[in-house]
Amino acid sequence: MLASRSATRLSTRFVCSQCRAFSSSRRTLAEAQAAEIKKLGVVGAGQMGLGIALVASRMAQVPVTIVDNSQKSLDKGLAFADKLLAKDVSKSRLTQSDADSTRSRLTTTTSMDDLGDVDMIIEAVPEIVSLKQSIFAQLAQVAPSHAVLATNTSSISITLIARATTTDPTDLSAASRVISTHFMNPVPVQKGVEIISGLQTSPETLATALAFCTRMGKIPSVSADSPGFLANRILMPYINEAIICLETGVGAEKDIDDIMKNGTNVPMGPLALADFIGLDTCLSIMEVLHQQLGDSKYRPAVRLRNMVAAGWVGKKVGRGFYTY
Ligand code: NAD
């Protein structure tokens, strides 16, 4: 018995050391295949796109071209970047000179044609399938032929987004460069990023995305191209259930948030977190989970639909489950 136990222990150790050797050789291979990103493009200057642009400029020290079809969003985004940088300087987390150089690397435009000289583009427009598809069809035309085309989608299939780059499904020239870099909110604070390959994504694209996110100071987790990936497959049903508890009178807003904050040691309760993410984004993700996994347990809460119908989509508009 003892002998067989120690044999099990030995074989476990053997397998684990093999795993380590495998993953470190895979890492080395990935590093060798990774292309260097010298200039980044970001499409969408909302809370995610702006955060990605700012962290890329600050940590990876690359120039970033930010594209948005709304000049108002671009102005609001840059004002927010200035505020974040000033806060970091005032708290001695950043020198004034580093803040100035971070800011000087950010340029804004309303034209996608200005993305012709970048090595990687990260798209962060709203979570609408047809919108992402039309953006990727355009990126395949305007981006250089080597550029990595990444999406920050929270739930939409990467394979489907990559398919929009061409009318010919056997043409992988652009589709093999499509990948997801799913940053967590707020990007300057959260270390995690999910990296998801579609069926068409090449190993070089994966290696480049992993290397660049690491340069941005993030800790990547790799996930399969499955609805909601890892983070939202777990997080959104939790938020949705909290909203169902509210609409069915199981608890009031504050009680729901307080028990999760004080009982599970999370910094924000689920309703405050939903407001922070944006209720429109939460609804879109629940719809993707519901439609694509076909299980009624993912049905979006009626209250969530109504809040979005009312336009009370959370912190970004000043009203959600709470008033800001
Ligand atoms: P947002 O609404 O704050 O910003 C979207 C921006 O895209 C806006 O500035 C809008 O003007 C711009 N835009 C719309 N159409 C455009 C077009 N055709 N061309 C260029 N710009 C256009 O949204 P967000 O919260 O930053 O989310 C963006 C993406 O990131 C979504 O896919 C979302 O699912 C994902 N995401 C969001 C969170 C979150 O917590 N909010 C977290 C992770 C991922």
Side-chain angles (χ1 to χ4, degrees), residues 41-55 65-81 108-115 121-139 141-143 149-158 160-161 164 179-196 213 218 221 223 227-236 238-239 267-268 270-289 308 311 313-318 320:
V42 169
V43 182
Q47 53 178 337
M48 296 307 291
L50 195 278
I52 293 164
L54 190 61
V55 174
T65 304
I66 310 168
V67 185
D68 200 293
N69 64 353
S70 148
Q71 186 60 47
K72 201 171 148 202
S73 285
L74 290 170
D75 296 342
K76 195 173 151 198
L78 283 187
F80 186 55
T108 59
T109 172
T110 53
S111 170
M112 296 274 268
D113 291 338
D114 292 332
L115 294 172
I121 296 166
I122 303 178
E123 163 277 314
V125 301
E127 189 77 349
I128 301 165
V129 177
S130 57
L131 178 59
K132 305 252 186 214
Q133 286 172 321
S134 99
I135 297 278
F136 275 78
Q138 288 177 67
L139 292 182
Q141 299 300 316
V142 299
L149 309 176
T151 171
N152 192 51
T153 180
S154 303
S155 59
I156 300 167
S157 159
I158 312 310
L160 189 70
I161 292 175
I179 193 158
S180 168
T181 50
H182 178 214
F183 290 89
M184 304 290 127
N185 191 10
V187 186
V189 176
Q190 305 290 8
K191 288 266 181 209
V193 58
E194 272 182 304
I195 311 283
I196 305 114
C213 288
K218 300 302 176 195
S221 292
S223 146
F229 319 123
L230 279 176
N232 285 318
R233 176 78 174 263
I234 298 166
L235 178 65
M236 284 303 152
Y238 157 75
I239 286 177
M268 266 182 182
L271 301 176
L273 180 59
D275 274 357
F276 181 66
I277 293 169
L279 301 189
D280 49 344
T281 300
C282 294
L283 178 59
S284 302
I285 299 168
M286 282 312 295
E287 278 171 341
V288 168
L289 292 177
V308 174
V313 295
K315 203 170 174 195
K316 61 186 167 186
V317 297

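Just follow the structure's listing: the first ligand is 1, and inside any ligand the first atom is 1.
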* For ligand 1, the portion of Ser154 having any non-hydrogen atom under 4.0 Å away -> both

* Judging by distance only, is a nitrogen or oxygen of Lys132 under 3.5 angstrom from one on ligand 1? -> yes

* Asked: For ligand 1, is there an atom lying under 4.0 Å from some heavy atom of Lys76?
  -> no

* Considering only the protein, which heavy-atom contact is closest to atom 29 (C) of ligand 1, and what is its distance? -> Val125 O, 3.3 Å

* Report the nearest protein non-hydrogen atom to atom 11 (O) of ligand 1: residue, atom name, distance rounded to 0.1 Å. => Asp68 OD1, 2.7 Å

* Heavy atoms, side chains only, cut-off 4.5 Å: are Lys218 and Gln190 in contact? -> no

* Asked: Would you say Asn152 and ligand 1 have an N/O pair spaced under 3.5 Å apart?
  -> yes

* Does some side-chain heavy atom of Ile285 sit less than 4.5 Å from a side-chain heavy atom of Ile277? -> no

* Asked: For ligand 1, is Leu131 a contact, meaning one of its heavy atoms is under 4.0 Å away?
  -> yes

* **ligand 1 atoms in contact with Ala45 (distance to a heavy atom under 4.0 Å)** => 9 (O)

* To do: Please lay out, stage by stage, how Ile195 and Ile179 fare under the test side chain to side chain contact (heavy atoms under 4.5 Å, CB included).
  => CA-CA 7 Å; Ile195 311 283; Ile179 193 158; 3.8 Å; yes

* Structure fact -> Heavy-atom proximity to atom 1 (P) of ligand 1, picking from Gly49, Gly46, Pro186, points to Gly46

* Is Lys316 salt-bridged to Asp280, going by a charged N under 4.0 Å from an acidic O? -> yes

* Protein heavy atom at shortest distance from atom 26 (O) of ligand 1 -> Met48 N, 2.9 Å

* Asked: Judging by distance only, is a nitrogen or oxygen of Ser73 under 3.5 angstrom from one on ligand 1?
  -> yes

* Asked: Who's the nearest protein heavy-atom neighbour of atom 2 (O) of ligand 1, and how far?
  -> Lys316 NZ, 3.6 Å

* Return yes when Asp280 approaches ligand 1 closer than 4.0 angstrom through a heavy atom, no otherwise. => no

* To do: Kindly indicate, with the supporting measurements, whether the criterion side chain to side chain contact (heavy atoms under 4.5 Å, CB included) is fulfilled by Val67 and Asp114.
  => CA-CA 8 Å; Val67 185; Asp114 292 332; 5.6 Å; no

* Compare all side-chain heavy atoms of Lys76 with those of Leu50 and state whether any distance is below 4.5 angstrom. => no

* Quick check: are there more than 12 heavy atoms from other residues, nucleotides or ligands sitting under 6.0 Å from CZ of Phe276? -> yes

* Asked: Can you tell me if Ser155 and Glu127 form a side-chain donor-acceptor pair at under 3.5 Å?
  -> yes

* Asked: Is it the side chain (CB and beyond), the backbone, both or neither of Ile135 that lies under 4.0 Å from ligand 1, heavy atoms counted?
  -> side chain

* Do Val43 and Leu139 pass the side chain to side chain contact (heavy atoms under 4.5 Å, CB included) test, and can you show the C-alpha distance, the side-chain angles, and the key distance before you say yes or no? -> CA-CA 10 Å; Val43 182; Leu139 292 182; 4.3 Å; yes

* To do: Determine, stepwise, if the pair Ile122 / Met48 fulfils side chain to side chain contact (heavy atoms under 4.5 Å, CB included).
  => CA-CA 10 Å; Ile122 303 178; Met48 296 307 291; over 6 Å; no

* **4.5 Å side-chain heavy-atom contact, Ile239 and Leu273** => yes

* To do: Answer yes or no for Phe276: is there a heavy-atom contact with ligand 1 below 4.0 Å?
  => no

* Closest protein heavy atom (residue, atom, distance) for atom 41 (N) of ligand 1 -> Ile277 O, 3.0 Å

* Asked: Looking at atom 39 (C) of ligand 1, what's its closest protein heavy atom, distance included?
  -> Asn185 ND2, 3.5 Å

* To do: Ignoring angles and geometry beyond distance, decide whether Glu123 reaches within less than 3.5 Å of ligand 1 through its nitrogen or oxygen atoms.
  => no

* Relative to the heavy atoms of His182, which atoms of ligand 1 are at a distance of less than 4.0 Å? -> 43 (C), 44 (C)

* Quick one: which of Thr181, Thr151, Asn152, Thr153 gives a side-chain hydrogen bond (donor to acceptor under 3.5 Å, both in side chains) with Glu123? -> Thr151

* Would a 4.5 Å heavy-atom cut-off, applied to side chains only, mark Gln138 and Leu115 as touching? -> no

* What is the closest protein heavy atom to atom 14 (C) of ligand 1, and at what distance does it sit? -> Pro126 CD, 3.5 Å

* **Identity and distance of the protein heavy atom lying nearest atom 22 (C) of ligand 1** => Asn69 OD1, 3.4 Å

